[in-house]
Q: 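What follows is a structure written as structure tokens; I'll ask about it next.
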Amino acid sequence: MNFNYLVAPVLIGSSITFIQPQVAQAQSSSRVNQVAKEITVLVNSPNSNGSGVIIKKQGNNYTFITAAHVLAREDNYQIVSSDNQTYPIKPGSIKRIKGVDLAIAEFTSNQNYKVAKIGDSNTSEEGTIAYVAGFPKTTAAISRSIYQFTKGEITANASQPLKEGYALVYSNATLPGMSGGAILNDKGELIGVHGRADIRDNIEVSAVNPQIAFIKTGFNLGIPINTFLHRQSEVGIDLGIKIPPKLAKAVTADDYFIRGLAESDKYDFQSAIANYSKGIRLKPNSAAIYANRALSYSQIKEYQKALADANKAISLQTKQGKEKSYAIRAIVYSKLSNFPAAIKDINQAIKINPKSADAYAHRGRMRKKMGDKQKALADYNKAISLDSNNFLTYGSRGMLRRKLGDKKGAIDDLTQAIKINPNFVNSYSTRAIMRYETGDKKGAKDDLIQAIKINPNDAGAYEVRVIIRDIEKDYQGLVDDYTQLIAINPKDDNNYLKRGIARVNLNNYQNAIADFNEALKINPKNSQVYVNRGRVHNQLREYKTAIADFNEAIKINPKNPQVYVNRGIAKFNLKDYRGATSDYNQALKINPKNADAYFSLGIVNQKQDKISQAITQYNKVIALNPKHFPTIVNLGLIEYENKNIEAAIEKWQRALSINQNPEVLLALATALNNKGQKQGALIAAKAALGKDNNFASSEYLTKNLWGKRLIADTQKLIALPEIQKFLSENKNN
């Protein structure tokens, strides 16, 4: 669970008036709403908005209370009152309570505004009614702040608060911007100040890692008004009411509950479970604690325990309270791939609360996993119609639209998600992939830059960017990004592996080997590391060392045909042709359509002058891949040795249409010279030797499977005065 401040980057204020001690009676929701509307103020500035509660009036001077983080920065704050009048906050009036997320501030007005009646937060026990009032922040979906009033229940009231004074836990639906707003009891009394809310959801918001799954608990945190009353003198105010006594400090079930929420917020689910379990021992009938322990069990994949806790929570709750527990159990069932049971539970949640946007969004994600994309889309549409301010639902719908081929709609949804919450990194990372797929490469790269700017330690943005850089063969960029990923998570062996592969492509073999070595220290069972380290040793002509690596890879995964192909290459270079042939055949047993294995068999046969067998193997390669460049080249070599000059020229011209390789250019030059086309031969020969003059060496040509006829004819070409002069002038190539 992730308790985030529900404040737009904007500020909020609220005030409360003096109240005489008297016995208050429970009131209807509509009456409490009227009270809340009169005492709640919108606090805003050019950069943010929030909420506050009027708590005192003295002449024309009003004092309001809010969450300290609402007034955290130096800014030009103003409040908007219940009659839509705007007043600046008095300069120098903002005062904060040290160590508690509470602050007060003042404004002046000749209008007569109601002041909050102060209640006793000690009496707010689990199951009692709680109302929260405030002004959600403006977004692309909400063009102006509109007063919001929601009903819920107190689920915990801890005697030992968390950091910053948070001790009240309640189930109300809240939105960003409502921080600093009033928490009222059923008598319309102020019992706390709203500050933090869980905004996490089970959404696959990352296209890189579709396993990301957060669960929204539906619980919020507030600071009891009694905390303020006991410390009001620190900010120079006296509300003139009797201050309730401080409660004994004995640890209660609610204390363990709120500690569990805090540990869950830090993703320490084992510690959360330990605290929830202690709470359950003290309060064995607490549905809220069972429900939250179910969430934590599901996060560590203890699904049967999660189900047991969800069942217990449902059995303990009233019909209305069961909504969230049904949703939790549905999510657990979906993780177990029991989608019929999951859908049945989420339908129950929707039946209890037909206006639950979260429930429709959950069902949409389940239907997507079941492959029912159109019904999933309908659920997302319904969720957004009920709550157009949920950026996560827009993200989910965007991912689905991408799957449905509606890439423009997908990008539009991610753009809307970013407008609603411009600081949610995964929205940028996901939109980057969609933009890249539609050809907007600059937009994709800009999105990733912004994601990294928001959170330089977010692995997701780098993981998307390495996909793009790999496509574009930006190997140095890959090295840089994998270096960042290693800094973020130094225990991920695959990041070392992939950085090593990028370094291989930069011919930085020693550093590549160092990366592969680090990967194996972390995970000695990663067969791909042995494969890639073996390839580097092959490249460095350290064939015996390469074979040792391939042997280790085969021990771990004997079903990978490419390992046998690579080991066969090492054996071939050690002139162990029988061993090489055996490895290539083993690769073909695993995958009869492995073109690399057929090609390698062709080479080993060609090397042993088994030309007909080589041609058979090469033809199998061409049948699988008509544009297999080295096979076309080698068939040309065979045709030349068989005096089929025209056929050789045709093969090499076809190869050059794929890759302007210097070896093929020189072979073609030799064939043209043989046919008396000297001018064309000289042009091609100079182009080849200008790229790599190693081909002027007959020994080098022999290693590349050139036959005696072609080598002899090539030497005649190279001996021409024009070529000798060219080589003399280009000695450093």
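Keep in mind that the numbers below use all heavy atoms, side chains included, and drop hydrogens, waters and symmetry copies.
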Q: Please tell me whether Asn426 and Ser429 have a donor and an acceptor in their side chains that are separated by less than 3.5 angstrom.
A: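 The answer is no; no qualifying pair exists.
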Q: Among all residues two or more places apart in sequence or in another chain, which pass the salt bridge (charged side-chain N to carboxylate O under 4.0 Å, His left out) test with Glu302?
A: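 In terms of salt bridge (charged side-chain N to carboxylate O under 4.0 Å, His left out), with neighbours along the sequence ignored, Glu302 is linked to no residue.
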Q: So do Asp186 and Val32 actually touch side chain to side chain, heavy atoms under 4.5 Å?
A: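 In short, these two side chains do not touch, never coming nearer than 4.5 Å.
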Q: Are side-chain heavy atoms of Leu221 and Val169 found at a separation under 4.5 Å?
A: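 Result yes, sub-4.5 Å side-chain heavy-atom pair found.
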Q: Say you draw a straight line from CD of Glu323 to CD1 of Ile314; how long is it, rounded to the nearest 0.5 Å?
A: 11.5 Å
Q: Output, in order, the C-alpha distance, side-chain angles, deciding distance and verdict of side chain to side chain donor-acceptor pair (under 3.5 Å) for Tyr147 and Asn33.
A: CA-CA 10 Å; Tyr147 169 80; Asn33 182 24; 2.8 Å; yes
Q: Among Arg465, Lys441, Arg469, find the residue that satisfies the salt bridge (Lys or Arg N to Asp or Glu O under 4.0 Å) test when tested with Asp474.
A: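 Single pass found, and it is Arg469.
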Q: Would Asn591 and Gln562 count as having a side-chain donor-acceptor pair, cut-off 3.5 Å?
A: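 Distance-only check fails for Asn591 and Gln562.
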Q: Can you tell me if Asn220 uses its side chain to pair, donor with acceptor, with the backbone of Asn172 under 3.5 Å?
A: yes
Q: Atom CG in Asn338, atom NZ in Lys344: separation rounded to 0.5 Å?
A: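 Atom-to-atom, Asn338:CG and Lys344:NZ are 10.5 Å apart.
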Q: Which residues pass the side-chain hydrogen bond (donor to acceptor under 3.5 Å, both in side chains) test with Asn494, sequence neighbours left out?
A: Asn526
Q: So do Gln416 and Ile420 actually touch side chain to side chain, heavy atoms under 4.5 Å?
A: yes
Q: Residues two or more places apart in sequence or in another chain: which of them pass side-chain hydrogen bond (donor to acceptor under 3.5 Å, both in side chains) with Ser277?
A: Arg293
Q: Scan Ile331, Ile350, Ile346, Ile352 and name whichever one has a side chain to side chain contact (heavy atoms under 4.5 Å, CB included) with Tyr326.
A: Ile352
Q: Any donor-acceptor pair under 3.5 Å linking the side chain of Thr415 with the backbone of Ile411?
A: yes
Q: Might you point out which heavy atoms bring Asp379 and Arg367 nearest each other, and give the distance in Å?
A: OD2-NH1, 2.9 Å
Q: Look up atom CD1 in Ile418 and atom CG in Asn423, then write down how far apart they are to the nearest 0.5 Å.
A: 10.5 Å
Q: When rounded to the nearest 0.5 angstrom, what distance separates OG1 in Thr128 from OH in Tyr170?
A: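 Between atom OG1 of Thr128 and atom OH of Tyr170 there are 12.5 Å.
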Q: Is any side-chain heavy atom of Gln304 less than 4.5 Å from a side-chain heavy atom of Leu336?
A: yes
Q: Looking at residues at least two apart in the chain, or sitting in another chain, which of them share a side chain to side chain contact (heavy atoms under 4.5 Å, CB included) with Asp413?
A: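 By the side chain to side chain contact (heavy atoms under 4.5 Å, CB included) rule, Asp413 matches Tyr394, Arg397, Arg401.
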Q: Which heavy-atom pair separates Ser325 from Ala313 by the least distance, and what is that distance?
A: OG-CB, 3.5 Å
Q: Side chains of Leu377 and Leu404, heavy atoms from C-beta outward: is any pair under 4.5 Å?
A: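 Touching, per the 4.5 Å side-chain cut-off.
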Q: When you check the side-chain N and O atoms of Tyr276 and Glu263, is any donor under 3.5 Å from an acceptor?
A: no
Q: Which residues pass the ring-ring contact (aromatic ring centres under 6.0 Å, His included) test with Tyr131, sequence neighbours left out?
A: Phe149
Q: Has the side chain of Asn157 got a donor or acceptor atom that lies under 3.5 Å from a matching backbone atom of Ser124?
A: yes
Q: What I'd like to find out is whether the side chain of Lys283 reaches to under 4.5 Å of the side chain of Asp254, using heavy atoms alone.
A: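 Yes, side chains in contact.
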Q: Would you name the heavy atoms of Pro490 and Tyr496 that are closest together and state the gap between them?
A: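 For Pro490 versus Tyr496, the nearest heavy atoms are O-CE1, 3.6 Å.
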Q: Is there side-chain contact between Thr393 and Asp387, with at least one heavy-atom pair below 4.5 Å?
A: no
Q: If you take all heavy atoms of Pro561 and Asn594, which pair is closest and at what distance?
A: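 In this case the closest contact between Pro561 and Asn594 is CB-ND2, 3.6 Å.
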Q: Is a salt bridge present between Lys408 and Asp412, judged by a nitrogen-to-oxygen distance below 4.0 Å?
A: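 A salt bridge is present here (some side-chain N lies under 4.0 Å from a carboxylate O).
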Q: For the residue pair Ile183 and Gly222, what are the closest heavy atoms and their distance?
A: CD1-CA, 3.9 Å
Q: Is it true that Glu518 and Arg499 make a salt bridge, defined as a side-chain N closer than 4.0 Å to a carboxylate O?
A: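 No, Glu518 and Arg499 are not salt-bridged.
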Q: So, for Ser334 and Ala342, which heavy atoms are closest and what is the spacing to 0.1 Å?
A: N-CB, 3.8 Å
Q: Within the 4.5 Å heavy-atom criterion, are Ile343 and Met370 side-chain neighbours or not?
A: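 Yes, their side chains come closer than 4.5 Å.
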Q: Excluding sequence neighbours, so at least two apart, what forms side-chain hydrogen bond (donor to acceptor under 3.5 Å, both in side chains) with Glu437?
A: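 Only Arg402 meet the side-chain hydrogen bond (donor to acceptor under 3.5 Å, both in side chains) criterion with Glu437.
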